[in-house]
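Small disclaimer: the values here were computed from a predicted structure and weren't measured. What's counted below: heavy atoms across the whole structure, side chains too, no hydrogens, waters or symmetry copies.
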Amino acid sequence: MKKLAPSILSADFAALAEDVAAIEKGGADLIHVDVMDGHFVPNISFGADVMKSLEGRTKLPFDVHLMIENPDDYLEDFVTPQTEYITVHAEACTHLNRTIQHIKSLGVKAGVSLNPATSLSVLDYIVEDVDMVLLMSVNPGFGGQKFIPSVLEKTRELAEVRRAEGLDFEIEIDGGATLDNVQEIVSAGVDIVVAGSAVFKAPDIEERTKEFVSKIVNV
Ligand code: DX5
Ligand code: ZN
């Protein structure tokens, strides 16, 4: 089953609960939570308290994407009964294996993310330990950027690694997804599609979510 994870980075922060209710009604599977620290990426978004303000206001699980330095210092803050995934960047982790084990020890699924220019080879000695690999299809830091097409080939290569090694981690793509390219993205082997501006900047968020979901299920 393919999943849609709208990113609340592009939501109206003053109406966050309403925006999230709209994606839930539209059939989204996860809430993608983009956390930026102004160091690892050139932007600051929000922290765990904003995410926690949604607890109980929605049934959708949290898909936490930490674009921060020293993620180990903050992992516990993001663990709630609704947290399904916590993803860290390989580029931000000196001891990636330790960080992945730390996430798992907290009882949530562990993801590792790679920037567009980071080679899949960084996964060689960790891929068996992760529940999810998040491939960035824009340079992280901002919503509303253009999809980087070379990530499609990278996705196909990663899906082939998964098949050849008999692994079952999920593959997520993040950045620049639109109604026009989402089927090509899913066809490359993606399980979870993040969409921020294409969902939350739409005139009707619930309707746009439904359009994304129907495109994804019909690949
Ligand atoms: C980028 C974030 C993305 C972003 C996606 O740093 O990780 O999740 O919000 O937004 P769109 O879909 O607008 O590219
Ligand atoms: Zn993200």
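Hydrophobic clustering places Phe147 together with Val199 (ILVMFWY residues linked when any side-chain heavy atoms are closer than 4.5 Å, directly or through intermediates). Both Ile185 and Phe212 are assigned to one and the same hydrophobic cluster, defined by single-linkage of ILVMFWY side chains at heavy-atom distances under 4.5 Å. Connection of Val122 to Ile171 is established within a shared hydrophobic cluster, with ILVMFWY side chains joined at heavy-atom distances below 4.5 Å, either directly or through further cluster members.
Side-chain contact annotation: Tyr85 with Glu172, donor-acceptor N/O pair under 3.5 Å absent. Side-chain polar atoms of His95 and Gln101 form no donor-acceptor pair below 3.5 angstrom. Of the N and O atoms on the side chains of His32 and Asp34, at least one donor lies less than 3.5 Å from an acceptor on the other residue. For the 3.5 Å distance criterion, the side chains of His89 and Ser113 qualify, holding a donor opposite an acceptor.
Across all non-hydrogen atoms, the minimal contact from Val151 to Met136 is CG2-O, 3.5 Å. The minimum heavy-atom distance between Gly26 and Val213, with the atom names listed, is O-CG2, 3.9 Å. What you find for Pro140 and Met67 is that their closest heavy atoms are CB-SD, 3.6 Å.
Partners of Lys210 according to the salt bridge (charged side-chain N to carboxylate O under 4.0 Å, His left out) rule, which considers only residues two or more places apart in sequence or in another chain, are Glu206.
Residues Leu123 and Leu114 have side chains in contact (heavy-atom distance under 4.5 Å, counting atoms from C-beta outward). Counting heavy atoms from C-beta outward, Leu60 and Ile23 have side chains that approach closer than 4.5 Å. Inter-residue side-chain proximity for Val193 and Lys3 is flagged as unmet; no heavy-atom pair is nearer than 4.5 Å. At least one side-chain heavy atom of Val130 sits under 4.5 Å from a side-chain heavy atom of Ile100. Between Phe40 and Glu69 the shortest side-chain heavy-atom distance falls below 4.5 Å.
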**Asked** Is there a side-chain contact (heavy atoms from CB on, under 4.5 Å) between Val186 and Lys215 once you walk through the steps?
**Response** CA-CA 9 Å; Val186 170; Lys215 290 244 177 194; over 6 Å; no

Test side-chain contact (heavy atoms from CB on, under 4.5 Å) on Leu30 and Leu4 and set out the steps. CA-CA 6 Å; Leu30 298 162; Leu4 179 69; over 6 Å; no

Notebook entry, point to check: Can you check side-chain contact (heavy atoms from CB on, under 4.5 Å) on Ile68 and Tyr74, steps first, answer last?
Noted result: CA-CA 9 Å; Ile68 65 174; Tyr74 302 95; 3.8 Å; yes

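A salt bridge links Arg163 with Glu160: the distance from a Lys NZ or Arg NE/NH1/NH2 to an Asp or Glu carboxylate oxygen falls below 4.0 Å.
Here Phe46 and Phe13 bring their ring centres to under 6.0 angstrom of each other.
Judged by distance alone, the side chain of Asp37 and the main-chain N or O of His39 form a donor-acceptor pair under 3.5 Å.
The one candidate from Ile31, Leu54, Thr58 that meets the side-chain contact (heavy atoms from CB on, under 4.5 Å) condition with Gln82 is Thr58.
Within 6.0 Å of atom CG in Asp168, 12 or fewer heavy atoms from other residues, nucleotides or ligands are found, so the atom counts as exposed in its surroundings. Around atom CZ of Phe142, more than 12 heavy atoms belonging to other residues, nucleotides or ligands sit under 6.0 Å away. Under a cut-off of 6.0 angstrom, the local environment of CD in Glu55 is crowded, with over 12 non-hydrogen atoms contributed by other residues, nucleotides or ligands. Residue Arg156 places its CZ atom among more than 12 non-hydrogen atoms of other residues, nucleotides or ligands, all under 6.0 Å distant.
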